[in-house]
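Computed from a predicted model, the values in this text were never measured in an experiment. Counting convention: from 1, in listed order, for ligands and their atoms alike. Side chains are part of it too, since the values below use all heavy atoms of this structure and drop only hydrogens, waters and symmetry mates.
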Amino acid sequence: MHTERLTELLQQLQKASESFLGYPVSKDFNYAELYDFLQYPINNLGDPFESSTYKVQTHDIEKEVVNFFAKLFRANPNDYWGYVTNGGSESNLYGLYIAREMYPKAMVYYSESTHYSVKKNIHLLNIPSIVIRSQENGEIDYTDLEETLKFNRHKPAIILTTYGTTMTEAKDDVSKVKKILKKLAIQDHYIHCDGALAGSFGAFVNPKIPFDFMDGADSISISGHKFIGSPIPAGVVITKRSLRDRVSKGISYIGSLDTTITGSRNGHSPLFLWYAIQKIGIQGLQERYEKSVAIAKYCKQELLKIGIKAWSNPGAITVVFPKMPDEIKNKWQLATEEDITHIICMPNVTKEQIDAFIADVTRIDHSRYLEEDIIYN
Ligand SMILES: *Cc1c(COP(=O)(O)O)cnc(C)c1O
C-alpha cells in the first residue's frame, strides 16, 4: 500500500533528521503557509528581471530575493543582477560561465580546499585551471597564488575564492587576492566567491573577512537550503548586470531572455527563500548566526574538555576534529575527509544535541584521539 510506504518513509526521514550534525543544512523552517502554492505548475523560466509570456511564475518574488542578497553583499545598487538557482553548484557554474564569456583565454585558479562542484564546472566549461595550495586551516595559500599568477601573468585570471570551505569553513580573503592581482598588474581578472554556507551570514562575521562586491568580488554564490533552510535545494547567484548583458540572448518562444543555465526553473524555491527572509529579516539572520557561533564555541569547549583536539576558524560555525569511529560517524552523519571530521552548528543545533554527542563520544574509547595536534582558535 502506498500510504504505508509514505508513513514509513516519513518516519525514516524524521529519525534521520534528529541526529544530524555533520552537514550544513538548517532544519528549523516551517513553510506550511505556502502549502496552497503546490497546486500550481509554477515555472520561472527566463530571466527574472524581464517579462515573459509564461505567467504562472514568481519572478517578482525572485527579484526581491535577489535584491535582498545583492544588498547584503554590498553590490552596486545600479549594477547588479542574479537569479535563484537549483543550488550552490549551479550558482558557481554561472559565475564561472560569465567569467569565461568575459575572458575566453583566461586561466582559473582555485585552492585545493575548493568544493568538488567547481572542478566539474571548470571541466564542463573547458577552461584551463591551476590548483593552488591551501594553508593548514583550509584557506588559500596567498604566497602560492602569487607565485603561480606571476608565471601566467600574460593571461587573464579567473580566481575562484571560497568563503567558508566545506570541511573547515575557512574563508579566503578577497581583498588579499585583489592586492596580489594589482601588484602583478593583471588587469584582466574576475573573482567569483563561493559562499555556499557562510555567504548568508558573512555580513555579520566580526571581525569581517573581506568577500563581497565592495571587497572586489564580481559574482557571489550561496546555497539557499544551507543557512536559510529550504525543503528543496536552492541557491542564489548575484553578479553585475553589465556582465550578464554579455551572455543574454533573446528567445521568442518564451518572450524573454535566456540568461539562466536551465530553461524551466523552480518557481517554488524563490517563494520559500522569500518567505524565510520576510520572517527572519536582517536582524533575525544576525541572531541566527550569533546563536550558531555560541553553540560552536560550546561544542569546541566540550570536545576539548574530554581531550579531543577540536578547533575552528575565526568566526566559523564549524568545529573541526579528528575523524570518529564508524559508530559515531554513522549515527551523527559526520562528513569525513582524510583524517578530519566536523560538526556544523546550524541554527537548529542545540546544546542538548551537543551534550548527547559528547556523551556518545565519551562512551567509546577515544584514547587514540589524544595525540598532540595543532589547535587553531
Ligand atoms: C555545499 C557547497 C557547495 C555546493 O552547493 P549545493 O547547493 O550543494 O549545490 C559549493 N561550495 C561549497 C563551499 C559548499 O559547501
- Message: Considering non-hydrogen atoms of the protein only, which is the closest contact for atom 11 (N) of ligand 1, and what is the distance?
- Response: Asp194 OD2, 2.6 Å
- Message: Just to check, does Glu90 reach to within less than 4.0 Å of ligand 1 when the distance is taken from its heavy atoms?
- Response: no
- Residue among Val66, Ile238, Leu243, Thr259 satisfying side chain to side chain contact (heavy atoms under 4.5 Å, CB included) with Trp81: Thr259
- Task: Step through the shown structure and confirm whether more than 12 heavy atoms of other residues, nucleotides or ligands are within 6.0 Å of CD on Glu33.
- Result: no
- Query: For ligand 1, which atoms sit closer than 4.0 Å to a heavy atom of Ala196?
  - Reply: 2 (C), 3 (C), 10 (C), 11 (N), 12 (C), 14 (C), 15 (O)
- Give the residue and atom name of whichever protein heavy atom lies nearest to atom 9 (O) of ligand 1, and the separation in Å to one decimal. Ser89 OG, 2.6 Å
- For ligand 1, find out whether one of its N or O atoms is nearer than 3.5 Å to an N or O atom of Gly88. yes
- Gly235 heavy atom under 4.0 Å from ligand 1: no
- Query: Between Tyr275 and Tyr31, is the ring centre distance below 6.0 Å?
  - Reply: yes
- Task: Give a yes or no on whether a salt bridge exists between Glu146 and Arg133, defined as a side-chain N under 4.0 angstrom from a carboxylate O.
- Result: no
- Note on the structure: The atoms of ligand 1 lying under 4.0 Å from a heavy atom of Gly164, numbered in the order shown, are 13 (C)
- Query: Does the cation-pi check pass for Arg288 over Phe227, that is, NZ or CZ under 6.0 Å from the six-membered ring centre and within 45° of its axis?
  - Reply: yes
- Would you indicate which of Met167, His115, Glu169, Lys226 comes nearest to atom 1 (C) of ligand 1 when only heavy atoms are counted? Lys226
- Within a distance under 4.0 Å of any heavy atom of Gly87, pick out the atoms of ligand 1 and give their elements. 7 (O), 9 (O)
- Query: Judged by non-hydrogen atoms, does Leu197 sit under 4.0 Å from ligand 1?
  - Reply: no
- Query: Is Lys71 atom NZ crowded by more than 12 heavy atoms from other residues, nucleotides or ligands, each under 6.0 Å away?
  - Reply: no
- Message: Below the 3.5 angstrom mark, is there an N/O of Ser223, backbone or side chain, next to an N/O of ligand 1?
- Response: yes
- Carboxylate-amine/guanidinium contact Arg74 Asp212, below 4.0 Å: yes
- In this structure, are over 12 heavy atoms from other groups packed under 6.0 Å from Lys55 atom NZ? yes
- Message: Please check if the number of heavy atoms outside Glu337 that lie under 6.0 Å from its CD is greater than 12.
- Response: no
- Item | Top protein contact for atom 8 (O) of ligand 1, by heavy-atom distance | His225 NE2, 4.0 Å
- Under 3.5 Å, N or O to N or O, is Thr165 touching ligand 1 that way? no
